[in-house]
Amino acid sequence: MSVMLERPALPVAELVPDDVRDRLAAFIVREHPEHTQEFAARLVVESARFQAASAARPDVRMAPSLLVDHGWHAWLMFSQDRDALMARIGGVVHHVPDLPGEEPDEETAREIRRQTLDAMRTTGYGPDVELWPAVSGKCSQCHAGCTDSPK
């Protein structure tokens with residue numbers, strides 16, 4: 001299926017200004033000291049790309065990898081930066097965690113991951129495949145599966 005986008009994918013420098021990337025990456029490193037500043041910066045950019053693809057494809061249920069989720073949660077903590085990102089991508093992406101007992105089973109989680117990566121590719125927003133390792137139905141920080149849209 002072909003998807004016609006109303007606007008082309010933004011280059012990384014326009015999607016995530018350097019000062020925002022650095023600020024959010026520093027927050028990630030503080031929260032997850034196992035990450036280097038450079039790696040955290042990749043998570044910030046990838047989570048912005050994930051959100052941009054989600055905004056471009058609201059018809060697709062998408063979810064971040066556990067690593068990309070670190071970046072998404074950083075965006076959520078810095079609401080002014082996130083609001084500016086939403087304006088740049090021309091949409092709003094909602095964080096919708098599953099409640100306990102609602103987490104997708106492994107097969108569903110794999111399908112959501114496939115849909116997510118396909119949507120990112122077709123919208124021109126990635127993915128950085130190293131940041132999308134094995135599927136997991138659990139979000140790393142909110143303790144439930146996180147998606148960009150309601151079921």
Side-chain angles (χ1 to χ4, degrees), residues 1 3-32 35 37-98 103-104 108-151:
M1 167 173 84
V3 176
M4 296 297 292
L5 298 178
E6 292 183 19
R7 63 191 331 193
L10 294 172
V12 170
E14 289 180 44
L15 187 63
V16 185
D18 291 348
D19 63 320
V20 173
R21 182 200 60 220
D22 294 345
R23 179 173 37 259
L24 273 61
F27 174 80
I28 292 171
V29 170
R30 187 183 80 199
E31 297 294 307
H32 299 278
H35 298 323
Q37 181 75 16
E38 181 181 320
F39 187 77
R42 286 176 60 197
L43 296 175
V44 170
V45 170
E46 189 70 359
S47 61
R49 294 165 75 184
F50 163 77
Q51 291 176 82
S54 295
R57 294 295 313 273
D59 58 313
V60 177
R61 183 176 180 192
M62 298 172 64
S65 69
L66 292 177
L67 288 170
V68 175
D69 192 60
H70 294 174
W72 192 7
H73 282 256
W75 283 102
L76 292 171
M77 296 301 294
F78 289 81
S79 60
Q80 290 177 325
D81 293 326
R82 187 170 190 287
D83 287 351
L85 173 64
M86 295 299 105
R88 286 191 296 278
I89 65 175
V92 175
V93 179
H94 295 286
H95 181 269
V96 184
D98 291 327
E103 296 92 349
T108 302
R110 279 194 188 108
E111 178 60 18
I112 293 169
R113 180 180 190 270
R114 185 197 61 75
Q115 290 173 177
T116 299
L117 298 179
D118 285 351
M120 289 181 74
R121 286 182 189 102
T122 62
T123 58
Y125 281 111
D128 180 342
V129 293
E130 289 182 38
L131 303 180
W132 296 87
V135 172
S136 174
K138 295 212 175 218
C139 171
S140 61
Q141 294 176 342
C142 59
H143 308 292
C146 298
T147 63
D148 72 312
S149 60
K151 295 179 198 73

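- With rounding to the nearest 0.5 Å, the separation of OG in S79 from CG in L85 is 12.5 Å.
- For the pair E130/R42, a side-chain contact is recorded, criterion being any heavy-atom separation below 4.5 Å from C-beta on.
- A donor-acceptor contact shorter than 3.5 Å links the side chain of W75 to the backbone of V44.
- Proximity of T108 to E111: side-chain heavy atoms (C-beta onward) are nowhere separated by under 4.5 Å.
- H70 and H32 have parallel rings, their planes meeting at less than 30° on a 0 to 90° scale where 60° marks the start of perpendicular.
- With P64 as reference, D69 is the one residue of L131, D69, T116 to meet the side-chain contact (heavy atoms from CB on, under 4.5 Å) rule.
- The shortest side-chain heavy-atom distance between R57 and M120 does not fall under the 4.5 Å cut-off.
- The minimum heavy-atom distance between G124 and A9, with the atom names listed, is O-CB, 3.5 Å.
- With Q115 contributing its side chain and R61 its backbone, the two residues share a donor-acceptor pair below 3.5 Å.
- For the pair L43 and L67, the minimum side-chain heavy-atom distance is below 4.5 Å.
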Item checked: Stepwise side-chain contact (heavy atoms from CB on, under 4.5 Å) test for L15 and I89 -> CA-CA 8 Å; L15 187 63; I89 65 175; 3.6 Å; yes

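- No donor-acceptor pair under 3.5 Å is formed between the side chain of S65 and the backbone N or O of P133.
- Closest heavy-atom contact between V16 and R21: CG1-CB, 3.6 Å.
- To the nearest 0.5 Å, atom CD1 of residue I112 and atom CG of residue L117 are 12.0 Å apart.
- The heavy-atom pair separating I28 from G71 by the smallest distance is CD1-CA, 3.7 Å.
- The two atoms that bring A25 and A40 nearest to each other are O-CB, 3.5 Å, heavy atoms only.
- Residues E46 and P127 are in side-chain contact: their nearest non-hydrogen atoms beyond the backbone lie under 4.5 Å apart.
- Using a 4.5 Å cut-off on side-chain heavy atoms (C-beta onward), V29 and F39 make no contact.
- In this structure, CZ on R23 lies 11.5 Å from CG on D18, to the nearest 0.5 angstrom.
- At a threshold of 4.5 Å between non-hydrogen side-chain atoms, the residues W72 and R82 count as touching.
- Under a 3.5 Å cut-off, the side chain of Q37 and the backbone N or O of D22 do form a donor-acceptor pair.
- Distance check, rounded to the nearest 0.5 Å: CG of L76 to NE2 of H95 gives 5.5 Å.
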